[in-house]
Amino acid sequence: MNPLAAGGDNGRMDGYRSGFACFVGRPNAGKSTLTNALVGTKVAITSSKPQTTRHTIRGIVHREDGQLVLVDTPGLHRPRTLLGQRLNDLVRETWSEVDVVGFCVPADQKVGPGDKFIAAELEKVAKRTPVVGIVTKTDLVSQQQVMEQLLALQKVMEFAEIIPVSAVDGFQVDKLSDLLLQKLPQGPQLFPDGDLTDEPEQTLVAELIREAALEGVRDELPHSIAVVVEEMALREGRDDLTDIHAFVFVERPSQKAIILGHRGERLKQVGMTARKQIEALLGTRVYLDLHIKVAKDWQRDPKQLRRLGF
């Protein structure tokens with residue numbers, strides 16, 4: 001049933017709620033995986049590498065009783081580069097605009113200084129915006145460890161609620177959805193039925209290519225990778241094939257060699273992995289043309305950051 005057609009003179013059913021929630025936490029706390037689990041499809045890229053998310057990706061959860069718009073933010077951290085500072089500013093800006101904040105702490109890592117740093121920042125918004133404590137990745141530890149983590153999180157700050165979840169096996173994901181929705185104001189549907197994200201397709205395609213490039217590279221490389229889709233269009237005279245031309249930017253020639261791999265094998269693998277994901281997203285076959293460019297120290301250069309969309 002479409003809630004918009006459910007009666008009432010304002011075009012929605014009584015008690016229908018809608019609004020924005022965001023997940024925050026240290027890098028690699030499981031925020032993107034949780035966003036995807038709640039939406040029911042992939043809208044945010046995930047990786048075992050920290051600081052994978054660089055944009056605020058919005059995922060839309062449609063329910064009979066409301067609409068929850070999830071804003072997936074980069075991990076808050078002590079910045080070492082201009083890019084790091086800009087990502088932190090993006091996180092704080094998002095907190096100030098949402099109706100409820102979910103603070104994610106993984107079950108398999110001790111609550112540490114990074115979490116306390118975020119909690120201190122969150123206390124500034126907690127007076128006007130409810131903050132829900134979320135223990136993520138419960139599938140990785142025993143029940144006893146989950147209990148200990150819940151108790152440790154309780155000591156960090158005063159939460160509106162605390163809940164353990166696992167995006168991987170679905171444990172309490174629906175309950176979290178209920179809980180977040182209850183914190184939203186009553187209001188009309190914000191996005192049409194069927195919309196799962198408001199991100200432009202080009203941004204999502206660039207993110208899927210970056211996700212593929214992140215897999216299996218050495219630890220220092222992820223932050224140095226940026227992707228720009230130069231051109232994306234259906235091939236002339238065909239509606240079943242999309243041509244995509246994209247650049248993978250790195251900061252140094254040595255990094256270019258890592259991404260390229262022996263005789264270009266690694267880049268070929270990146271292209272194959274990304275193409276499968278992009279075809280699933282676009283619903284057409286894809287011709288993907290990938291090139292690597294060196295943009296020296298782009299993370300520290302305001303002009304280059306602007307050109308790469310930050």
Just do the salt bridge (charged side-chain N to carboxylate O under 4.0 Å, His left out) check on K276 and E279 with the steps written out, would you?
CA-CA 5 Å; K276 277 186 199 142; E279 286 179 340; over 6 Å; no
Applying side chain to side chain contact (heavy atoms under 4.5 Å, CB included) to Y16 and D65, what does each step give before you reach the verdict?
CA-CA 5 Å; Y16 191 85; D65 52 351; 5.5 Å; no
Evaluation steps, side-chain hydrogen bond (donor to acceptor under 3.5 Å, both in side chains), between D169 and S166:
CA-CA 6 Å; D169 63 18; S166 166; 3.0 Å; yes
Is there a side-chain hydrogen bond (donor to acceptor under 3.5 Å, both in side chains) between S177 and R63 once you walk through the steps?
CA-CA 9 Å; S177 178; R63 297 173 41 131; 2.8 Å; yes
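With a 6.0 Å radius and a threshold of 12 heavy atoms from other residues, nucleotides or ligands, D240 has its CG atom above the threshold. More than 12 heavy atoms of other shown residues, nucleotides or ligands fall within 6.0 angstrom of atom CZ in R238.
Taken together through direct or relayed side-chain contacts under 4.5 Å among Ile, Leu, Val, Met, Phe, Trp and Tyr, V168 and L140 form parts of separate hydrophobic clusters. Taken together through direct or relayed side-chain contacts under 4.5 Å among Ile, Leu, Val, Met, Phe, Trp and Tyr, L234 and V286 form parts of separate hydrophobic clusters. V100 and I163 fall within the same hydrophobic cluster, where Ile, Leu, Val, Met, Phe, Trp and Tyr residues are linked whenever their side-chain heavy atoms come under 4.5 Å apart, directly or through other members. M272 and V270 fall into different hydrophobic clusters, defined by Ile, Leu, Val, Met, Phe, Trp and Tyr side-chain heavy atoms under 4.5 Å apart, directly or through other members. Under the 4.5 Å side-chain heavy-atom criterion for ILVMFWY residues, no single connected hydrophobic cluster contains both L151 and F159.
Judged by the 6.0 Å and 45° rule, K293 forms no cation-pi pair with F249.
Looking only at side-chain heavy atoms (C-beta outward), D243 and D289 stay at 4.5 Å or farther from each other. No side-chain heavy atom of L241 sits less than 4.5 Å from a side-chain heavy atom of T284. A heavy-atom distance below 4.5 Å is not found between the side chains of V71 and F23.
For T129, the side-chain contact (heavy atoms from CB on, under 4.5 Å) partners at least two apart in sequence or on another chain are V101. In this structure E161 satisfies the side-chain hydrogen bond (donor to acceptor under 3.5 Å, both in side chains) test together with K183, sequence neighbours excluded. Partners of E123 according to the side-chain contact (heavy atoms from CB on, under 4.5 Å) rule, which considers only residues two or more places apart in sequence or in another chain, are M157. Under the side-chain contact (heavy atoms from CB on, under 4.5 Å) criterion, A274 pairs with I209, A212, I278, L288, sequence neighbours left out. Residues that satisfy the side-chain hydrogen bond (donor to acceptor under 3.5 Å, both in side chains) test with Q145, not counting sequence neighbours, are S142.
Relative orientation of the Y287 and H245 rings is perpendicular, given thresholds of 30° and 60° on the angle between their planes.
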Atom pairs and distances, donor-acceptor, side-chain atoms in residues 105-114, under 3.5 Å, two or more places apart:
{"residue": "Q109", "atom": "OE1", "partner": "R26", "partner atom": "NH1", "Å": "3.2"}

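Listed for the Q67 side chain is a donor-acceptor partner under 3.5 Å among the backbone atoms of F191. Put simply, the side chain of T33 never gets that close to the backbone of A167: no donor and acceptor are under 3.5 Å apart. Remark: the backbone N or O of L184 is paired with a side-chain donor or acceptor of R17 at under 3.5 angstrom.
Residues F171 and P164 approach most closely at CE2-O, 3.6 Å, considering heavy atoms.
A donor atom on one side chain and an acceptor atom on the other are found under 3.5 Å apart for Q144 and E148.
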